[in-house]
Amino acid sequence: MAKLIDGKQVSARVKEQVRLETEKLKQIHGIQPGLAVVIVGNDPASRVYVNNKKKACETVGFRSYEYALPEETTQAQLLELVETLNADSNVNGILVQLPVPPQIDDKAVINAISPEKDVDAFHPANVGKIMIGDYAFLPCTPAGVMELLASTGVEIAGKRCVVIGRSNIVGKPMAMLLLHKSGTVTVCHSRTVDLPSVTKEADILVAAVGKANFVTADMVKEGAIVIDVGMNRLENGKLCGDVAFEEVSAKASWITPVPGGVGPMTIAMLMRNTLTAAMTQNGVEVKL
Ligand code: GUN
């Protein structure tokens, strides 16, 4: 039976560390980090995420600024807001919640955010830095997964790592972070032939597919570490991951639950990135 990787506990530890560092930053340097969160339209899931981000800011002692724009906002209006936030020295981090409505090109928005304030690490300049291992920020979800893996005490170097999903937000950066830790990494996707034969090789399996209960026990090696990035809403309203939790936990050595696994980590890492941004922008040495 797999041991549970407790994302609530690990995220609480990260947030507590950020809170203490923030207190010091205020006392010694008179700086309070600020995060601006922009949401366009009325997507209910995005609304929940944004509220959780605001709550986390309060917990760690940041200022948070919310900009809730109507569904019909034009790209020019959103870019103008981003420019204003880029120029505002009280704002250290800028996050535009994705997805944005179809009249807005998300790439144009990401490109407009100053790379120093890009706490999602979505800007091409930051993506390039991740590629060469010389980064200021890591994208929040993959960074959170790395913290969860570290909490198991299991060494990544030399392990077979399989990532299912190749999105820019999770799959691709996830593969790169595992590679930086000397894992042997394979990225699978919708065109992968005989997916189970690949996933069964994995010592560390990360599922970021977006399909409920997609990873079944027959796809998992005995004793694997299984990380579930999925967050799927079932018809009965229940949240469910990409991994068939009951059957896979009978085979894995470690597994993340949904909810309470990767989800809380994403927000904790956003707090850490915002603190890093505030320190860097004020010339304070970052030692996290
Ligand atoms: N939508 C889903 N996940 C994310 C995220 O990590 N950042 C932003 N900005 N939007 C998202």
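Predicted, not measured: the structure shown is a model, and the values here were computed from it. Position 1 is the first residue of the sequence, and the numbers go up from there. All ligand and atom numbering here is 1-based and tracks the order in the structure.
No more than 12 heavy atoms of other residues, nucleotides or ligands sit less than 6.0 Å from atom CD of Glu80.
Ion pairing between a basic and an acidic side chain is recognised when a charged N comes within 4.0 Å of a carboxylate O; Arg272 and Glu147 show such pairing. The pair Glu66-Lys54 counts as a salt bridge, with a side-chain nitrogen and a carboxylate oxygen less than 4.0 angstrom apart.
For ligand 1, the 4.0 Å heavy-atom shell contains residues Leu95, Val96, Gln97, Leu98, Asp120, Phe122.
Residue pairs meeting the side-chain hydrogen bond (donor to acceptor under 3.5 Å, both in side chains) criterion with at least one member in residues 237-248, sequence neighbours excluded, are Asn232-Asp242.
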Output a table of donor-acceptor pairs, distance under 3.5 Å, between side-chain atoms of residues 25-36 and any protein atom two or more places apart or on a different chain; print 'none' if there are none.
| residue | atom | partner | partner atom | Å |
| --- | --- | --- | --- | --- |
| Lys26 | NZ | Gly61 | O | 3.2 |
| Gln32 | NE2 | Gly61 | O | 2.9 |

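Lys53 meets the salt bridge (charged side-chain N to carboxylate O under 4.0 Å, His left out) test with no other residue; sequence neighbours excluded.
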